[in-house]
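Structure first, then comments.
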2 protein chains.
Amino acid sequence: MAQDEPDDDIAGVRRRATIEDVAAAAGVSVATVSRAMRGLPNVAFSTRERVAEVATRLAYRADPAATRLATGRSRSVALAVPLLNSWYFSQVVSGAEAVCSAEGYDMIVMGVTGDEDRRALVDETSSIHRRVDGIIFVDIPVSSDEAELLDHHDLAVVTVGNSTDRFPSLVIDDVHVGELAVGHLISLGHTRIAVIGGQRIDPLGFHVSDSRRAGYHAALDRADIVADPALAALGNYSVCGGRDAMQTLLALDEPPTAVFAMSDEMAFGALLAAREAGIEVPDELSVVGVDDHDVSVVVDLTTVRQPVADHGARAARLLISQLEGERVGPSRDERPVELVVRRSTAPCRPARVR
Amino acid sequence: MAQDEPDDDIAGVRRRATIEDVAAAAGVSVATVSRAMRGLPNVAFSTRERVAEVATRLAYRADPAATRLATGRSRSVALAVPLLNSWYFSQVVSGAEAVCSAEGYDMIVMGVTGDEDRRALVDETSSIHRRVDGIIFVDIPVSSDEAELLDHHDLAVVTVGNSTDRFPSLVIDDVHVGELAVGHLISLGHTRIAVIGGQRIDPLGFHVSDSRRAGYHAALDRADIVADPALAALGNYSVCGGRDAMQTLLALDEPPTAVFAMSDEMAFGALLAAREAGIEVPDELSVVGVDDHDVSVVVDLTTVRQPVADHGARAARLLISQLEGERVGPSRDERPVELVVRRSTAPCRPARVR
DNA sequence: CGGTGGCCTGTAAGCGCTTTCATGGTCGTG
DNA sequence: CACGACCATGAAAGCGCTTACAGGCCACCG
């Protein structure tokens with residue numbers, strides 16, 4: 001029996017080649033194979049070639065589990081998002097995945113729905129420990145205690161959407177987003193301007209919704225318009241959420257003539273609610289959203305565009321460059337946004353009798 | 001120096017507790033800790049309790065890399081999708097992720113764009129080997145050679161969208177989808193019915209687009225309508241793709257009065273192209289899509305609904321039950337679809353002079 | 001001609017688990 | 001009371017890599 005042949009069959013099933021098989025077949029030690037395969041210095045050219053050739057022949061590939069155990073690095077990263085079935089997050093996932101796979105990293109996505117999910121993730125006895133080398137938090141606030149724990153777990157971190165004083169972050173100026181959207185409505189002559197946004201998810205971080213709301217107020221203030229609290233509606237970031245919120249607003253004694261929805265999906269909901277109520281957009285109601293969703297052009301929605309997939313890609317690159325040894329301190333990369341005017345907004349007209 | 005205290009500091013950094021630390025602190029062997037932690041039989045109740053208590057105190061958690069190496073199982077699965085920034089796939093991801101995380105599996109998503117990506121994935125020297133326990137292929141055809149290799153890699157597999165004779169699969173009756181959509185248009189009196197769909201991505205599997213196209217033809221045949229090849233447009237599954245295809249169709253000498261788009265996103269593109277060309281929907285053109293996208297209700301699109309997130313969830317459950325030891329043979333679980341009539345379709349009217 | 005320094009390579013000790021096998025103790029039973 | 005049977009436990013051998021350390025070899029220099 002040629003029992004020492006590396007590609008020996010056991011009960012007809014060919015065992016996967018290990019580094020030892022390659023070493024034996026190439027007539028070198030496993031250490032040399034390891035070095036040769038990873039392109040480390042101090043391997044003679046001829047040896048390197050022979051190892052490469054044998055490795056190809058045996059279809060050898062280092063077992064990732066063994067590599068992880070030995071090095072402590074997993075070559076995988078986590079992407080934590082509050083929810084997955086929304087346009088925004090799917091774009092981020094898409095952008096990040098492209099970069100990760102190009103760099104040879106596995107990307108594992110985790111939906112972090114509530115506070116308790118997040119705590120479980122970052123906890124002392126955390127499930128994240130040693131599972132990934134780094135993690136991207138998208139629109140998930142990270143307290144400084146949690147940041148400390150993450151450091152302690154020796155995790156590289158990048159945040160998208162909020163920033164901390166500890167990790168690099170990728171953000172947009174959400175106050176500016178609000179100002180841009182509402183400023184546009186004001187410039188069209190609107191004064192009864194509603195806002196549809198999310199609640200403060202978390203008391204820890206300064207949340208997106210709050211910032212955009214601040215921009216809303218800033219724009220109103222600048223135009224000497226008094227904000228009517230009744231015009232601030234809450235809803236979750238979805239078509240449904242926007243629709244419900246819009247219905248509430250339309251039921252007011254004095255409904256708004258314009259509405260700023262904090263995401264395009266919410267804006268779609270607002271459009272839907274308007275149509276259901278027989279209200280013409282933009283004649284009777286102007287609507288502006290945020291994101292520039294693929295479908296926004298279809299429904300002719302005015303919006304504040306942000307390059308979402310690019311956020312994901314940049315975040316992934318930032319994270320990976322940290323993992324590749326670059327010492328990256330806390331930073332705040334503010335990405336540009338842009339008002340895209342379409343036909344869901346129009347000059348304010350005197351209310352018609354309905 | 002209390003050097004043997006399990007939670008000893010080294011240069012101020014507390015080392016993560018290992019199984020040995022727990023064993024020492026609980027006064028048992030590592031084998032017992034391992035057994036106790038995993039709920040295996042043959043551990044005295046008192047021992048089990050003590051180990052649990054110590055483990056909690058030391059915030060112990062088994063290092064996944066070590067577990068993987070020792071067991072050969074990674075407790076993670078892959079989700080392979082052709083692209084990520086589309087509604088359909090983000091829904092699948094969402095559904096699958098929820099199940100995986102509930103079951104304690106990591107889900108790594110991989111975009112498998114073209115043929116070469118797929119080949120690289122499944123290849124003999126495959127990168128997938130030992131990285132995940134199982135894989136879900138969503139709308140990615142798998143040849144029988146590839147299936148063999150996957151088996152050889154000892155991977156559990158579930159396919160969504162196409163079926164093989166080897167793995168369990170989750171599908172819809174795509175022929176029926178086409179018949180339903182086109183049948184609806186025919187029942188409204190349309191005879192010049194166009195179809196917008198994808199090309200055959202791959203000669204290997206019977207692809208979604210082809211089946212839906214077959215349904216289109218079947219419906220036409222049944223109504224004794226001769227299919228006009230000029231009315232079959234190709235485009236990728238996106239708003240842009242649908243728009244481009246629709247523009248081509250509208251430029252025909254004798255444009256269609258109705259169009260069946262193979263996804264809602266394509267249908268959105270068709271709506272956009274129609275509006276840009278000044279064509280009224282549904283008065284001059286009826287449009288029907290497939291999926292029931294979140295936004296479809298907003299643009300009042302008639303569509304063939306399929307429960308997409310549920311596909312993802314079911315696929316994940318199917319995969320995990322295989323991994324948990326259930327011996328699952330090839331199967332074909334056909335999920336229901338449903339025609340949802342909205343206002344993008346209307347009875348065919350004689351063409352107006354433009 | 002001995003010493004010195006550079007390369008290249010090999011040996012072996014981990015990494016932190018799981019699991020087989022052996023062992024000792026405790027009961028129940030004839 | 002002796003003998004298995006059975007249960008709880010421990011010792012130790014992996015799992016397949018990486019890497020610190022130690023040689024061996026050769027060239028080059030004084």
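A note on names: the letters A, B, ... follow the listed sequences, proteins ahead of strands, and every chain is numbered from 1.
Counting to the nearest Å, the P atom of dT19(D) and the CD1 atom of I19(A) are 11 Å from each other. Nucleotide dT9(C) holds its P atom 8 Å from the CZ atom of R50(A), rounded to whole Å. Rounded to a whole Å, the CZ atom of R16(B) is 16 Å from the P atom of dC15(C). The distance from atom CD of E49(B) to atom P of dA8(D) is 14 Å, rounded to the nearest whole Å. Between E20(B) atom CD and dA12(D) atom P there is a gap of 13 Å when expressed in whole angstrom units. The separation between F45(B) atom CZ and dA8(D) atom C1' is 15 Å, rounded to whole Å.
When side chains are defined from C-beta on, I140(A) counts as touching P82(A), because their heavy atoms get closer than 4.5 Å.
The side chain of D63(B) has dC17(C) as its nearest neighbour among dG10(C), dC17(C), dG16(D). Closest to the side chain of V30(A), out of dA12(C), dT9(C), dT9(D), is dA12(C). Distance from the side chain of N42(A) is smallest for dT9(C) among the nucleotides dT20(C), dT9(C), dT11(C). Candidate nucleotides dT19(C), dG16(D), dT9(C) were compared by shortest atom distance to the side chain of A31(B), and dT19(C) ranks first.
When the nearest nucleotides of DNA chain D are assigned to T18(A) and P41(B) by heavy-atom distance, the more 5′-ward of the two goes with P41(B). Mapping A65(A) and L40(A) onto DNA chain D by nearest heavy atom places A65(A) closer to the 5' end of the strand.
Taking every heavy atom of residues 68-75 of chain A and every atom of DNA chain C, pairs under 4.0 Å involve L69(A), A70(A), by number.
Inspection of the R50(B) and S46(B) side chains reveals no N or O donor paired with an N or O acceptor under 3.5 Å. There is no side-chain donor-acceptor pair under 3.5 Å between S169(B) and R332(B).
Applying the 4.0 Å criterion to OP1 and OP2 of dT18(C), one finds that S34(B) has a side-chain N or O inside that range. Contact check, R61(A) against dG16(D): no side-chain N or O comes under 4.0 Å of OP1 or OP2. Between T67(B) and dC17(C) there is no side-chain N or O to OP1 or OP2 distance below 4.0 Å. Using a 4.0 Å cut-off, no side-chain N or O of T32(A) falls inside it from OP1 or OP2 of dT9(C). Proximity of R35(B) to the phosphate of dA8(D): no side-chain N or O atom is located under 4.0 Å from OP1 or OP2.
The backbone N or O of V43(A) lies less than 3.5 Å from no partner atom in the side chain of T47(A), so there is not a single donor-acceptor pair. Side-chain atoms of R57(A) never come within 3.5 Å of backbone atoms of E53(A) as a donor-acceptor pair (strictly under, hydrogens ignored).
D106(B) and R75(B) are not joined by a salt bridge, as no carboxylate oxygen comes within less than 4.0 angstrom of a charged side-chain nitrogen.
R130(A) comes within contact range of the sugar-phosphate backbone alone, with a heavy-atom separation under 4.0 Å but no base atom that close.
Each of R131(A), R130(A), R68(A) was checked for a salt bridge (Lys or Arg N to Asp or Glu O under 4.0 Å) with D63(B), and the lone residue meeting it is R130(A).
Scanning both residues, P41(A) and R48(A), for their nearest heavy atoms gives CA-NH2, 4.3 Å.
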